[in-house]
Structure formats: structure tokens, C-alpha cells
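Counting starts at 1 for both ligands and their atoms, in listed order. All figures in this text were calculated on a predicted structure; none of them were measured in a lab.
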Amino acid sequence: MKSFIVPIWLLFVQLLSCKALPTSQKTLYQPLDCSAPEVEEAANQALNYINGKHSHGYKFALNQIEDAKTTQSPLGEVYKLELELLETKCHVTSPAAVETCPVRSKIDHAVEGDCDVKLLKTNGNFSVLNVNCKSKPDSAEDACVGCPKLAPLNNTQVLQAVEVSLSQFNSPENQKYYQLLEVGRAQTQVVRGTAVHIEYAIAATNCSTQEAKTALDSCVLLMDDAAEYGFCAGTVINDAVDQQVHVDVNCTVYDTQPGSSFAHTAHKDPSGAPIPHNQLGGPHHNLRHSDLGVGPLSSESASAEIPVVLPAGPIAINPIAKRSVAVAVDPALPHILPLCPGKKYFF
Ligand SMILES: *[C@@H]1O[C@H](CO)[C@@H](O)[C@H](O)[C@H]1NC(C)=O
Ligand SMILES: *[C@@H]1O[C@H](CO)[C@@H](O)[C@H](O)[C@H]1NC(C)=O
Ligand SMILES: *[C@@H]1O[C@H](CO)[C@@H](O)[C@H](O)[C@H]1NC(C)=O
Ligand SMILES: *[C@@H]1O[C@H](CO)[C@@H](O)[C@H](O)[C@H]1NC(C)=O
């Protein structure tokens, strides 16, 4: 018990010294149980927020809550979570609910996202204060010789494969000509030549294929309620033996989704300037480039801490603190409660 009782005078000293010691006097967070229902609820709110803001590549699913803690602020309870996400196979333009989207397997170079999230709980509702994410493909690098290798999204062979396969999908009698929205993923493989496996998102224009042939520059993407997106998976083989190009492509066009627009969004560099898509050299759409930013309630910079309300008495009325006290009673069993990380949902 003893170590949890802070004398009143010490609190005042700490209050007074706050300004003088801005870095050493950090906000006090209480650890939370990563498998507690309200922590999972907070994590899912954060995931929805991230998927709503992430306008490139694929939707993400929650794999694990790695850490969770809380503190009081004048506005309500602040939750700080560390989340591990996994890329799904549903492109961000897909209307499918993320719960129904399969996660990419490890051998298929799963992409892992790491996010630090801060949420505010007021009247039982969570809202996101800020989010900081980055992602990278699993380095389960090329377990076998001749297996497909992830390729940069702006690779010349990749872009050629996209062009060839998309022109096959855009048949001459099509009333709607579909344009490339973005390349989602690409792999190259050496087989009697080169095979390029590509996945890309497409968007409908106001032209037919015939019109696009003669005046492509005047074709524009259909916008707002007319916006129509789709997704293609294809393989283009430059066969070294028969000297032919074999194209196999399947595209799905989604029903129109009123109110959604992915055409105007762009990757941003740290200064906020847009990064043209063909200059994204990596093999995946990094969450770091998405403008996740800060939630609607945040009036502070991303790194600023929310001021903490000190408890009225010296003993914090907090169930988690009580749990820690129980551990302290038996010093032979430190850290016996596995609070975090929480369970893994996938792998
Ligand atoms: C909390 O969320 C529910 C459901 O989204 C909403 O009906 C309610 O108004 C919200 N409460 C507050 C205080 O924002
Ligand atoms: C498509 O829209 C653009 C811009 O509004 C317009 O200039 C062009 O003529 C339209 N093309 C067709 C085929 O309707
Ligand atoms: C296209 O769909 C067919 C039938 O489902 C499948 O056999 C083929 O592998 C698919 N092609 C690609 C490139 O995904
Ligand atoms: C791909 O993008 C990277 C990074 O911007 C750039 O260095 C590289 O030259 C680009 N490659 C091609 C083929 O455009």
C-alpha cells in the first residue's frame, strides 16, 4: 500500500515543478487490461477511424492490442493504445465490411501496421484524438527460388502489365471506360520468362472505350454519386519460349457508393505536400503516407499531452490501481497478471 500513497505536499511540489520539468514530469497513465471489453471497443473505434481515413491500398484488420493505458483529463478518460494491424485483401474502395475481408497470409508477404492511438471517452463514447501509424510488408522474404517477389508499385514491368491487362478489360464496345486509380500490389516471378502478378483499383470515366481511344485527355473520372470503382487481379506473362504475351485478368466493378470519393485524395509527405503516385517507390501503400492526422476533438499538436486532473485524494480510486496493490502484497509474484499484450486475432 505504502508506495501508492503520495503525500499531499509532494503533489503540490509536482504541480509547481510541472512547468520547470516538462519532459521528466510526464502524464501518469494507469495500465489497462488489453482484453478488457472497453479496450477492445476503443481499439475497434480506432480501426474504423483508420480505415475511414486511409484512402490508398487495402483495409486493415486488428491483429493484436499490444498495450493499453488510461489517464483522466478535464474532458474525460484518455486511452492510449498500441495496435498491431494486418492488411486485408479488400481494397479501400471496396464496399465490403472489413470483418468480412480475409487477411493476407504470411507467406504472401503480409503487411503489418503499427499504430499509436489516443482516444477520448466521454459519456461512454470514444472519439479519436490522434493516430500515428506506419506499416511494412513482412520480410518472410522469398522462401523459395522462383516464388513471386513483391515489386515496387512504380516498377516499369508492373505498370506495363497493368496497362496491357486493363486494355483487355476495357473491351471496344464498353460504354464505360475504366481508368487506373492505383496499383495496390505487384509481384514478379521468373517462369519461362517473366510473370507479373498485379492487383489494382480502377475508376469509371465519362467516356466509352471508343471515345477514350480518340480523346483520352478529355475523359474524366465520374464523381460523387456517379463515382464507380472496381478492382482487378491479373497475371501477365512474357513467355520467353513462345515469344507471346499471355494476359489473364479478372475485374470486379463495385456498385456505386454515394458519398465516397477516392479520386481526390493523395499521399502526403511530412510537409503536407502531395506525393505523386508513380513516385511511391515501395512495394506497398504505407499507412505513414496516409493523412490520418488528428481526430475532430483534438485542439493540440500530435505530440502534446492532454492535461491531467490529479485525483482529489492521495489514493487513486481506480480498479487497476487496486489490482496493482494486490500484486504488491506478494512481492514473490511480480507481474503475475498478464494484462498486455492481448490475444492475437490472426498470427
Ligand atoms: C454516443 O454514441 C451514440 C451512438 O453512436 C449516440 O447516440 C449518442 O448520442 C452518443 N453520446 C454522446 C454523448 O455523444
Ligand atoms: C467528360 O467530361 C469532360 C469534363 O466535363 C468533358 O470535357 C468531356 O467532353 C466529357 N466527355 C464525354 C465523352 O462526355
Ligand atoms: C480469374 O478467375 C478465374 C476463374 O475464377 C481463375 O481461374 C483465374 O485464376 C483468375 N485469374 C487471376 C489472374 O486472378
Ligand atoms: C519509383 O519511385 C522511386 C521513389 O520515388 C524512384 O526513386 C524511382 O526512380 C521510381 N522508379 C520508376 C521506374 O519510376
Side-chain angles (χ1 to χ4, degrees), residues 57-59 87-94 96 100-105 107-111 137 146-153 155 157-242 244-254 256 258 260-265 283-284:
Y58 300 86
K59 299 184 190 201
E87 197 185 76
T88 69
K89 294 184 181 179
C90 293
H91 191 260
V92 291
T93 55
S94 161
T100 66
C101 296
V103 159
R104 227 173 269 279
S105 69
I107 52 163
D108 199 12
H109 303 275
V111 170
C147 283
K149 270 187 180 176
L150 278 185
L153 302 175
N155 175 295
Q157 274 183 317
V158 167
L159 296 177
Q160 274 169 4
V162 168
E163 197 182 323
V164 169
S165 60
L166 184 54
S167 68
Q168 178 163 315
F169 172 70
N170 278 316
S171 67
E173 63 276 10
N174 264 14
Q175 286 311 298
K176 255 181 205 158
Y177 177 79
Y178 290 86
Q179 250 179 13
L180 173 68
L181 190 64
E182 67 174 21
V183 182
R185 168 178 267 254
Q187 290 176 302
T188 55
Q189 186 177 16
V190 178
V191 283
R192 334 190 305 164
T194 315
V196 185
H197 308 284
I198 40 185
E199 293 179 11
Y200 52 94
I202 54 175
T205 66
N206 67 341
C207 292
S208 66
T209 300
Q210 284 309 325
E211 287 162 338
K213 256 204 182 97
T214 51
L216 183 58
D217 287 347
S218 71
C219 303
V220 298
L221 296 186
L222 295 177
M223 285 292 162
D224 304 320
D225 287 357
E228 207 179 89
Y229 302 100
F231 189 71
C232 302
T235 297
V236 176
I237 299 173
N238 278 298
D239 195 316
V241 177
D242 66 11
Q244 304 242 340
V245 177
H246 304 274
V247 181
D248 175 21
V249 65
N250 297 326
C251 296
T252 310
V253 173
Y254 308 129
T256 54
S260 66
S261 174
F262 297 93
H264 288 311
T265 50
H284 87 294

**Student:** Has the side chain of Asp239 got a donor or acceptor atom that lies under 3.5 Å from a matching backbone atom of Gln244?
**Tutor:**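 Pair absent, no side-chain N/O of Asp239 close to backbone of Gln244.
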
**Student:** Is there a side-chain contact (heavy atoms from CB on, under 4.5 Å) between Leu216 and Gln179 once you walk through the steps?
**Tutor:** CA-CA 10 Å; Leu216 183 58; Gln179 250 179 13; 3.9 Å; yes

**Student:** Under 4.0 Å from a heavy atom of Thr235: give me the atoms of ligand 3 that qualify, with their elements.
**Tutor:**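 Selected atoms, number and element: 13 (C).
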
**Student:** Looking only at protein heavy atoms, which one is nearest to atom 7 (O) of ligand 2, and how far off is it?
**Tutor:**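 Here the nearest protein heavy atom works out to Ser218 O, 4.2 Å.
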
**Student:** Does either side chain, that of His91 or that of Glu182, offer a donor lying less than 3.5 Å from an acceptor on the other one?
**Tutor:** yes

**Student:** So which heavy atom in the protein is nearest atom 2 (O) of ligand 2, and how far is it from that ligand atom?
**Tutor:**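 Heavy-atom neighbour on the protein nearest atom 2 (O) of ligand 2: Asn206 ND2, 2.2 Å.
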
**Student:** Please confirm whether Cys219 approaches ligand 2 to less than 4.0 Å, judged on its heavy atoms.
**Tutor:**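 Contact check Cys219 vs ligand 2: negative.
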
**Student:** Measure from atom 9 (O) of ligand 2 to the protein's non-hydrogen atoms and state whether any distance is below 4.0 Å.
**Tutor:** no

**Student:** Main chain of Cys219, side chain of Tyr177: is a donor-acceptor contact present, judged purely on distance under 3.5 Å?
**Tutor:**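 Absent.
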
**Student:** Are Asn174 and Ser171 linked by a side-chain donor-acceptor pair shorter than 3.5 Å?
**Tutor:** yes

**Student:** Could you list which atoms of ligand 2 come closer than 4.0 Å to a heavy atom of Glu211?
**Tutor:**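 Counting from 1, the qualifying ligand atoms are 13 (C).
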
**Student:** Measuring from Ile202:CD1 to Leu181:CG, what's the distance to the nearest 0.5 Å?
**Tutor:**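 Ile202 atom CD1 to Leu181 atom CG measures 9.5 Å (nearest 0.5 Å).
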
**Student:** For atom 1 (C) of ligand 3, find the nearest protein heavy atom and state the residue, atom name and distance (0.1 Å precision).
**Tutor:** Asn250 ND2, 1.4 Å

**Student:** Using a distance threshold of 4.0 Å (strictly less than), state whether atom 12 (C) of ligand 3 has a protein heavy-atom neighbour.
**Tutor:** yes

